Amino acid sequence: MRRPAELYACMYVREFPAQAILRLRPDLKHCACVVMDGEPPFEEVCSLNTKARLLGIQRGMRRADVDAFPEAKILSRSLKTESVARQMLLEYAGTYSPRIEDGSGATYFLCSMDIAGTEHLFGPPEKLAYRLLEHLGSLGLSVRLTISSNFHTAVCLAKGTRRHSITVIPFGEEATALSELPLDVLPLTEQQAELFCLWGINTLGMLAALPDSELIARIGQDGRELQQLARGELPHLFQPIELPLCLEERQELEFPIEFLDSLMFSIAVMLDQLIVRATIQLIALARVTLILELDGGATHTCRVRPAQPGNDKHFWLRLLHLELQTHPPPVAVVAVRVEADPGNTNKIQLGLFSPPLPEPARLDVTLAQLKALLGEENVGRPILQDSHTPESFQMEPFSIPSSSSEPAITDRRRPSARFVRPSETILINLHHSRPRTFFFRAQRFIVEHAYGPWMLGGEWWNESIWNIQQWDLIAATLNGPPLYCSVTHDLLRDQWQLTTIYD
């Protein structure tokens, strides 16, 4: 018998509403937890973990019945959190196969992958399954994997088997593997389930052993399709979906949080999940946006974008913590959403004899600390304005210019200017309206050369009117070195000031 070209891997997550919430709540890892759905007082248990099931809690119980178990932790169902977790799992499955089909239900996640031909990339199916399960475990989810050459066999085994986390069915043994599964793994109608119960048919093996013609005569062509499912022979038209990359995590808090340290604990867990997802996709986080849903319906947004993308959790937490210290939320937070933009994992190769470069992350943290201490408007790089006003500049966010925008290096030497802040008032003597001598810092200077004056006029259209003369002087004392400086004369106030010293 020739082996078919089809090969499918099915990924199944049972009790998905509970697992989607608990993966972001490591503090509840060892607690019995139940997830309630519906409007009070008609809430019912829609999902629960194993510890809650061992206590005797069952799906469909009302809130009053669950309250009889004081050990159980009651959580509210979050459809948005489940949507984010489902998108995360689909993205992860897309790293192993470009053909993915989503078959999730109301309380479980089910995803099938066409892995035919992936042996050259990941090895045999068993190796792919163990690698897939190991990575999914790092996301905080309990997953069941089944691999078979028949699509429906993989799906039924994923839903029905509970003994193994990984099941690989060899070609030709589909019917044997399905024979012990209960009928509830099949898409039966209520009438069909009741009819099979009356016949005493409880497993897929018993359904597969029924005579074909008599089964079709009693329940029609649906019976033939159900029997093919039970034998692992029903073909399937694969319907792949398109997966856009969406790095997002969301968590609804159990109670409103006002303190920053408590909020950072929840952010750290979500950020850890985003970094794991980005690492699996072989990308880095370029920008992280923190959207806090506040008590009352408003939102508070914080964005952090470092100089280079990276996946260092402590680095991102430090930046987010400093950003929240600079722009804290005004009221208590009831839900947290963390979004990230993907970027390339750039690495710089240094030369053998070149000195090591400083880490870009240290610059980002330093700038964030300065913004938290001095204010965001006081940190950046100065940009000269198109104005004649003395020391006219504005602050822009600091950025490292690209190599193409750097000016060409010339050998011409230029004197450096040291601005005296604040400018010091001096007493100056004039000779024929030109500076002759002046006193500066308890010393008398004799002007040897005076260049100027240059007029600095104020804008007549503004309220502040100024009219200043500027002189560049070379002065000397009796015993000291010469002084190269710039002085200004405010004609409106008749005041002389020393503003600049040249090296």
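Every heavy atom of this structure was used, including side-chain atoms; hydrogens, water molecules and symmetry mates were not. A quick note: this is a predicted structure, and the numbers were derived from the prediction, not measured.
Surrounding CD of Glu126 are more than 12 heavy atoms belonging to other residues, nucleotides or ligands, all under 6.0 Å away. The environment of CZ in Phe238 is crowded: more than 12 heavy-atom neighbours from other residues, nucleotides or ligands sit within 6.0 Å. With a 6.0 Å radius and a threshold of 12 heavy atoms from other residues, nucleotides or ligands, Glu119 has its CD atom above the threshold. Atom CD of Gln325 has more than 12 heavy atoms from other residues, nucleotides or ligands within 6.0 Å. Within a 6.0 Å radius of CD in Gln191, other residues, nucleotides and ligands contribute 12 heavy atoms or fewer. Within 6.0 Å of CZ on Arg14 lie more than 12 heavy atoms contributed by other residues, nucleotides or ligands. Within 6.0 Å of CD in Glu242 there are 12 or fewer heavy atoms belonging to other residues, nucleotides or ligands. Other residues, nucleotides and ligands place no more than 12 heavy atoms under 6.0 Å from the CD atom of Glu190.
Using a cutoff of 4.0 Å between basic side-chain nitrogens and carboxylate oxygens, Arg77 and Glu43 are not scored as salt-bridged. Using a 4.0 Å cut-off between charged nitrogen and carboxylate oxygen, Arg250 and Glu293 count as a salt-bridge pair. Between Lys80 and Glu252, no side-chain nitrogen of the basic residue sits less than 4.0 Å from a carboxylate oxygen of the acidic one, so the salt-bridge criterion is not met.
For the residue pair Glu101 / Ser112, no side-chain donor-acceptor distance below 3.5 Å is found, with atom types taken as modelled. Defined by atom type and a distance below 3.5 Å, a donor-acceptor pair is present between the side-chain atoms of Asp102 and Ser104. The closest side-chain donor-acceptor pair between Ser142 and Glu15, if any, does not fall under 3.5 angstrom.
Counting only distance, with no hydrogens or angles, the side chain of Gln227 and the backbone of Leu210 share a donor-acceptor pair below 3.5 Å. Put simply, the side chain of Asn311 gets close to the backbone of Ile283: a donor and an acceptor are under 3.5 Å apart. Using modelled atom types, no side-chain atom of Asn150 and backbone atom of His236 make a donor-acceptor pair closer than 3.5 Å.
Relative ring orientation between Tyr12 and Tyr108 is described as tilted, the plane-to-plane angle lying within the 30° to 60° band.
Screening His135, Gln87, Arg277 for a side chain to side chain donor-acceptor pair (under 3.5 Å) with Tyr92, the sole residue that qualifies is His135.
Nearest approach of Ala332 to Pro256, heavy atoms of both residues: CB-CB, 3.7 Å.
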